[in-house]
S.K.: 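Here it is, the structure, as structure tokens.
We count ligands from 1, going down the list as the structure has it; atoms in each ligand are counted the same way. Only this structure's heavy atoms are used, side chains among them; waters, hydrogens and symmetry mates stay out. Quantities reported herein were computed from a predicted structural model and do not represent experimental measurements.
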Amino acid sequence: MNKRLIIAIDGPSGAGKSTLSKALAKKLDYLNIDTGAMYRSVALLAGQQQIDPQDETALKRLCSDMSIEFVREATSERVIVNGIDVSAAIRTPAVSLLTAQVAACPAVREAMMMLQRKMGEGGGVVLEGRDIGTVVFPYADIKFFLSATAAERGLRRYEELKEKGIDIDLQQTIAEVEARDAVDTARTHAPLKQADDALVVDSTHLSIEDVLEKMLLVVKNKQAELVG
Ligand code: DC
């Protein structure tokens, strides 16, 4: 029987991480852990409870009191926090903004890291984030670092929002992508960083199907290596 692996997928926003980790987890019948959704959930609750994002003590308490669960349904994945489905609520622009702030808090990162390790330690998981291969699971069986140029990632985001009927400016969207990268990379605690032993996959000129195929091949080879 194939060993159930720990697979890390890191990279900047808009590189296709969430689509690919979901697709990969589904193909392998693994649990997909969207760690960005976990930080977003902390931000959602902090906003609801009017906690100052600089108040580390209050954020620490909030994290120790909360439960987060990922549930895969036939066509979607739900994020359940304290028993409530927050899948849509954590995706608003206001929550995105607050998330970047709470994700910089060391106590929040520590709490989320412990939760992620607990969820993933048994294997059979794909974890998607920024610091999985470097901090959370430095001994992951496979580490992917998914990248694409800021212009391409901005364009993808622009098209996604246009499709939803949201009127936005392409140049502004690209600038926002670059600004988020700068915050994620510059943060002192667990910044977005490529692990030395990560496999870099540049998706700029590739379709989702092409990238997924590349990833599945890496998984297959790893499993063969572990059996052999
Ligand atoms: O991947 P995302 O857009 O849902 O991430 C939301 C925010 O959380 C983003 O500001 C980066 C941050 N994040 C993080 O700091 N560490 C992670 N492992 C995942 C996300």
Side-chain angles (χ1 to χ4, degrees), residues 6-25 31-47 53-54 56 59 62-63 66 68 70 76-79 81 86-120 125-138 140 143-148 150 153-154 156-158 160-161 173-195 198 203:
I6 296 176
I7 302 175
I9 303 184
D10 290 305
S13 39
K17 289 190 307 294
S18 90
T19 308
L20 282 156
S21 37
K22 272 185 206 142
L24 188 62
L31 176 68
N32 179 43
I33 301 177
D34 174 356
T35 64
M38 297 172 74
Y39 288 100
R40 286 172 178 275
S41 299
V42 175
L44 177 73
L45 294 190
Q54 307 296 328
E56 189 164 2
L59 286 175
L62 183 147
C63 289
M66 79 191 280
I68 308 180
F70 291 99
S76 67
E77 278 180 9
R78 319 303 305 169
V79 187
V81 172
V86 298
S87 316
I90 58 172
R91 303 282 164 199
T92 66
V95 170
S96 299
L97 214 63
L98 193 56
T99 306
Q101 296 181 51
V102 305
C105 169
V108 171
R109 300 211 71 86
E110 173 78 16
M112 292 304 111
M113 179 186 77
M114 300 310 278
L115 265 180
Q116 288 153 18
R117 285 187 177 163
K118 213 162 146 191
M119 287 174 169
V125 282
V126 179
L127 294 110
E128 170 219 331
R130 307 290 194 285
D131 59 342
I132 309 303
T134 48
V135 176
V136 183
F137 282 109
K143 298 179 190 180
F144 291 110
F145 191 89
L146 210 53
S147 72
R153 290 182 287 123
R156 287 177 191 169
R157 177 95 187 117
Y158 169 82
E160 192 186 310
L161 292 173
T173 315
I174 294 173
E176 280 168 12
V177 165
E178 287 170 338
R180 266 178 78 179
D181 285 358
V183 172
D184 287 348
T185 313
R187 139 180 107 217
T188 44
H189 205 79
L192 166 65
K193 192 170 153 258
Q194 185 186 315
S203 74

S.K.: Have a look at Val126 and tell me which of Ile6, Leu20, Asn32 forms a side-chain contact (heavy atoms from CB on, under 4.5 Å) with it.
M.R.: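 Among the candidates, only Asn32 passes.
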S.K.: Evaluate side-chain contact (heavy atoms from CB on, under 4.5 Å) for Leu146 paired with Glu128, printing each intermediate quantity in order.
M.R.: CA-CA 10 Å; Leu146 210 53; Glu128 170 219 331; over 6 Å; no
S.K.: Note the single closest protein heavy atom to atom 3 (O) of ligand 1, along with its residue, its atom name and the distance in Å.
M.R.: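 Ranked first by proximity to atom 3 (O) of ligand 1 is Arg180 NH2, 2.7 Å.
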S.K.: Heavy-atom pairs closer than 4.0 Å: do any link ligand 1 to the side chain of Met112, the backbone, both, or neither?
M.R.: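 None of Met112 does.
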S.K.: For Ala103, counting its heavy atoms only, list the atoms of ligand 1 lying under 4.0 Å from any of them.
M.R.: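 It comes down to these atoms of ligand 1: 15 (O).
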S.K.: Can you tell me which residue and heavy atom of the protein come closest to atom 19 (C) of ligand 1, and the distance to 0.1 Å?
M.R.: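 Of the protein heavy atoms, Thr35 OG1, 3.5 Å lies nearest.
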S.K.: Would Arg156 and Ser203 count as having a side-chain donor-acceptor pair, cut-off 3.5 Å?
M.R.: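 There is such a pair (donor and acceptor under 3.5 Å, judged by atom type) between the side chains of Arg156 and Ser203.
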S.K.: Just heavy atoms, cut-off under 4.0 Å: does Met38 contact ligand 1 by side chain, backbone, both, or neither?
M.R.: neither
S.K.: Between Arg153 and Ala15, which heavy-atom pair has the shortest distance, and what is it?
M.R.: CD-N, 3.6 Å
S.K.: Yes or no on side-chain contact (heavy atoms from CB on, under 4.5 Å) for Leu24 and Ile9, after CA distance, side-chain angles and deciding distance?
M.R.: CA-CA 10 Å; Leu24 188 62; Ile9 303 184; 4.2 Å; yes
S.K.: Which distance, rounded to the nearest 0.5 Å, do you find between the CD1 of Ile33 and the CG of Leu115?
M.R.: 9.5 Å
S.K.: Could you tell me whether the side chain of Met112 reaches within less than 4.5 Å of the side chain of Thr35, counting heavy atoms only?
M.R.: no
S.K.: Using a plain distance cutoff, I'd like to know if Tyr39 has any nitrogen or oxygen under 3.5 Å from a nitrogen or oxygen of ligand 1.
M.R.: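 No, no N or O pair falls under 3.5 Å.
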S.K.: Would you say Gln116 touches ligand 1, if touching means a heavy atom closer than 4.0 Å?
M.R.: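 Gln116: no contact with ligand 1 (<4.0 Å).
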S.K.: Would you say Ser13 and ligand 1 have an N/O pair spaced under 3.5 Å apart?
M.R.: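 Checking ligand 1 against Ser13, no N or O pair falls under 3.5 Å apart.
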S.K.: How close does the nearest protein non-hydrogen atom get to atom 13 (N) of ligand 1, and which residue and atom is it?
M.R.: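 Nearest neighbour among protein heavy atoms for atom 13 (N) of ligand 1, to 0.1 Å: Arg130 CG, 3.9 Å.
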S.K.: With respect to Lys17, determine whether any N or O atom, backbone or side chain, lies less than 3.5 Å from an N or O atom of ligand 1.
M.R.: no
S.K.: Which heavy atom of the protein is the closest neighbour of atom 10 (O) of ligand 1, given with residue, atom name and distance?
M.R.: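 Answer, as residue, atom name and distance: Asp184 OD1, 3.6 Å.
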S.K.: Do the non-hydrogen side-chain atoms of Asp131 and Arg109 ever get within less than 4.5 Å of each other?
M.R.: yes
S.K.: Polar-atom distance check: Arg40 versus ligand 1, any N or O pair below 3.5 Å?
M.R.: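 Indeed, backbone or side chain, Arg40 has an N or O that close.
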S.K.: If the cut-off is 4.0 Å to any non-hydrogen atom of Thr99, which atoms of ligand 1 fall inside it?
M.R.: 6 (C), 7 (C), 8 (O)
S.K.: Quick one: are Gln116 and Ile132 in side-chain contact, heavy atoms under 4.5 Å?
M.R.: yes
S.K.: Taking 4.0 angstrom as the limit and counting only heavy atoms of Arg109, give me the atoms of ligand 1 inside it, by number and element.
M.R.: 14 (C), 15 (O), 16 (N), 17 (C), 18 (N)
S.K.: Could you tell me, atom by atom, which parts of ligand 1 come under 4.0 Å of a heavy atom of Gly36?
M.R.: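 The atoms of ligand 1 under 4.0 Å from a heavy atom of Gly36 are 4 (O), 5 (O), 19 (C), 20 (C).
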S.K.: Is Met38 close to Met119 at the side-chain level, that is, under 4.5 Å between some pair of heavy atoms?
M.R.: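 Side-chain contact under 4.5 Å: yes.
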